Amino acid sequence: MRYSRLFIPTLKEAPAEAEAISHKLMVRAGYVRQLAAGLYIYLPLGQRVMAKINQIIREEMNAIGGQEVTMPVLNPAEVWQQTGRWDAIGDEMFRLKDRGGRDMCMAMTHEETMTWLAAHDLRSYRELPQIWYQVQTKLRDEARPKSGVLRTREFTMKDSYSFDRDDEGLDKSYQLHLEAYKKIYSRCGIKFYVVQSDTGMMGGSMAHEYMAPSPAGEDEVALCDACGYAANVELALSVPKTPNFPDGKYEEVATPEKRTIDEVTRFLKLTPDLFIKSILVMSDEGPVLALVRGDQTLHEKKLAKLIGPHRPAQKDEVKAALGVPAGFIGPMAHKIRKIADPSLRDGVYVAGANKEGYHVKGVKAGREFEAEFADIHAAVAGDACVQCGKPLRIERVIEVGNIFKLGTKYSAPLKANYLDENGAERPIVMGSYGIGPARIAAAAVEQGNDENGIIWPLAIAPYQVMVLPVNVNDGASMDAAEELYAALEEKGFEVLIDDRDERAGIKFKDADLIGIPWRVIIGEKNLKEGVVELKDRKTGVVAKVKVANAVEEIARKLVMEA
RNA sequence: CGGGGCGUGGCGCAGCCCGGUAGCGCGUCUGCUUUGGGAGCAGAAAGCCGGAGGUUCAAAUCCUCUCGCCCCGACCA
């Protein structure tokens, strides 16, 4: 392709609203433009990157027997009502009515329609298993679109659905996807972790997420380098370091006006890990007292898994439920449900005395209070791994994919059944597996960039090589450039030739920004000596190669890397 | 949905507090010079100052409402 004909609107400055590196660079380098909050236009270069990612995804999905289908983006309300999600999902679903006044919605995912199809056209165990996938636009009215292409309201998603006879079959389909996904991200050239994840509102029994490390990410994972334990912090288990407990004598201490852990620790000159933090929350079933260690943070998602949706109690609710002003609550002698983090099981702690202006020392689980124990603290760096005891690392990540075992959550309500060998009707056992191609692109930019611009992995770069004649008005340079360009295209490489009559500086800056992995620079002086320069975008290393060997040399580099 | 910030030529910004009818840098166009890391000089085009209402002789500037965008949080199937 000729640069002079390609629409690549590069910018010297990043738009004011861009924050994430990938956002700034993708806009500056002319890959995308924003139409409105969470709505992006993919320009020619961006389009090529997406096409390449989607191609890799398709190849790997086809390799495990996936079959591509196309689903309607516009859905009737009925299927969503049958699974209960029409009501369960709130403002995040775009809803509308057709001219006949029928309720419709824009599909934000396709469990319903895929299962509808299975319900209608899968009849016999002989037809199972099946893996169907789609690479399509989905719409979600995100509460807060952000970080460029990372969280948008309209986005392409590859998702596949597996249909099996039983759990054993699902295991196999799940395993196929688990491996296929690893290949996809590896081929796309991004760093990623596979972590245990919450099944969330998708339902189901097992789930993993594929996480690409990046500070622009919205999630955090806990990782153990020693044994490989990896989990989303939403469910990561960890064992905090055990403090040295002072002697366990139970005594009341006056702590006037000292309410927060911070105030009390300073007042009593003790470290926060010797305290019990008592947090009252209001659940659908009434107030619940959550207990974590003073140096830890309650993880609301972990707690939600135990008690359902909840919110922190107001000051007057604390007083009403416990008869104690907030700031002096202790775990002793309340009749309400109490959930304590396991780190409180042993040891002797300081806690609120359930009496205004007082705390108590020497509080022991099983002696001063009883509670259900469950890991409800947020894992932090340095906590011990539950599997091997080595310290955990916490890293910020972009979720680039997820896989779920759905079981019969959707097949049961939509009556997606099959007949087994004995003629008995059974629900199809399903799995669902998603990938966000735009997030792969963004993650690649987040992971591959320098002060000059993007550094694409070869496999998803919009072009593999850029041929850059420094002076297009020099006949010899242009002849050599055109010849190289034609020869490389002939070999099947994707080549961009910068045939613009621009100053060298501009061409170099644009080339760096756009991030094509390899660059051949044709300069007048070098050409007179019969050489051109071959520059690696990533390392910046420049190699002079003989014109006669250039094509072969470039081909060698490209093939070597691929 | 809660908290904060910002809307001024295509892009990045100043002007607003202390009203007087808009300016800088980059980009764009023309000409000459230049030509290996975002050139120099000369000239030019381009802005209902997000929108509506109000105050005033006069509003980018003050007041009210509204729309949009970004950030933090909540949410994220």
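Heavy-atom basis, side chains included; hydrogens, waters and symmetry copies ignored. Every value quoted in this text rests on a predicted model; they were computed, and no experiment measured them. In what follows, every chain begins at residue 1, and chains take the letters A, B, ... in the order their sequences are listed.
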Remember a base hit wins even if backbone is also touched, and classify [X] as base, sugar-phosphate or nothing at under 4.0 Å, heavy atoms.
{"X": "Asp219(A)", "answer": "nothing"}
{"X": "Lys138(A)", "answer": "nothing"}
{"X": "Glu234(A)", "answer": "nothing"}
{"X": "Glu92(A)", "answer": "sugar-phosphate"}
{"X": "Pro9(A)", "answer": "nothing"}
{"X": "Lys525(A)", "answer": "nothing"}
{"X": "Ala18(A)", "answer": "nothing"}
{"X": "Asp91(A)", "answer": "nothing"}
{"X": "Ser477(A)", "answer": "nothing"}

**OP:** Name all residues meeting the ring pair (Phe, Tyr, Trp, His ring centres under 6.0 Å) criterion together with His377(A); count only those two or more places apart in sequence or in a different chain, and write none if there are none.
**Re:** none
Among [options], which is the nearest nucleotide to the side chain of [X]?
{"X": "Ile521(A)", "options": "G38(B), C11(B), G36(B)", "answer": "G36(B)"}
{"X": "Arg144(A)", "options": "G73(B), G37(B), C75(B)", "answer": "G73(B)"}
{"X": "Glu142(A)", "options": "C76(B), C71(B), G37(B)", "answer": "C76(B)"}
{"X": "Leu513(A)", "options": "G36(B), C75(B), G38(B)", "answer": "G38(B)"}
{"X": "Lys301(A)", "options": "C76(B), G37(B), C70(B)", "answer": "C76(B)"}
{"X": "Ala37(A)", "options": "G38(B), G36(B), C70(B)", "answer": "C70(B)"}
{"X": "Arg28(A)", "options": "G25(B), G38(B), C76(B)", "answer": "G38(B)"}
{"X": "Gln34(A)", "options": "A74(B), C70(B), G38(B)", "answer": "C70(B)"}
{"X": "Glu17(A)", "options": "C69(B), G38(B), C75(B)", "answer": "C69(B)"}
{"X": "Asp512(A)", "options": "C75(B), G37(B), G36(B)", "answer": "G37(B)"}

Subject >> Toward the 5' end of RNA chain B, by each residue's nearest nucleotide, Ala143(A) or Ser147(A) >> reply: Ser147(A)
**OP:** Find which nucleotide of RNA chain B each of Met157(A) and Leu35(A) is nearest to by heavy atoms, and output the residue with the more 5' nucleotide.
**Re:**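 The residue mapped nearer the 5' terminus is Leu35(A).
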Original post:
How far does the P atom of G38(B) sit from the matching atom of A44(B), given to the nearest Å?
Top reply: 28 Å
Can you say whether a donor on the side chain of [X] sits under 3.5 Å from an acceptor on the base of [N], or the other way round?
{"X": "Lys509(A)", "N": "G36(B)", "value": "no"}
{"X": "Glu533(A)", "N": "G36(B)", "value": "yes"}
{"X": "Asn471(A)", "N": "G36(B)", "value": "no"}

Original post:
Relative to each other, are the rings of Phe192(A) and Tyr210(A) parallel, tilted or perpendicular (30° and 60° limits)?
Top reply: tilted
Subject >> Pair assignment for A45(B), Watson-Crick or G-U wobble, requiring both distances under 3.5 Å >> reply: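 Here A45(B) is not engaged in any pair, so there is no nucleotide opposite it.
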**OP:** Could you check which nucleotide pairs with G36(B) in any of the strands shown, counting Watson-Crick or G-U wobble with both distances under 3.5 Å?
**Re:** none
Original post:
For Glu112(A) and Asn75(A), does a side-chain donor sit closer than 3.5 Å to a side-chain acceptor?
Top reply: no
Got a list of protein N/O to nucleotides 29-34 of chain B N/O distances below 3.5 Å?
{"unit_1": "U34(B)", "atom_1": "O2", "unit_2": "Arg503(A)", "atom_2": "NH1", "d": "2.7"}

Subject >> Reference residue Tyr433(A); test ring-ring contact (aromatic ring centres under 6.0 Å, His included); the match among His208(A), His177(A), His110(A) >> reply: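 Result for ring-ring contact (aromatic ring centres under 6.0 Å, His included) with Tyr433(A): His177(A).
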Can you give me every donor-acceptor pair (side chain of residues 214-223 of chain A, partner residue at least two apart or in another chain, under 3.5 Å) with its distance?
{"unit_1": "Ser214(A)", "atom_1": "OG", "unit_2": "Ala216(A)", "atom_2": "N", "d": "2.9"}
{"unit_1": "Ser214(A)", "atom_1": "OG", "unit_2": "Glu446(A)", "atom_2": "OE1", "d": "3.4"}
{"unit_1": "Glu218(A)", "atom_1": "OE1", "unit_2": "Arg151(A)", "atom_2": "NE", "d": "3.0"}
{"unit_1": "Glu218(A)", "atom_1": "OE2", "unit_2": "Arg151(A)", "atom_2": "NE", "d": "3.0"}
{"unit_1": "Glu218(A)", "atom_1": "OE2", "unit_2": "Arg151(A)", "atom_2": "NH2", "d": "3.3"}

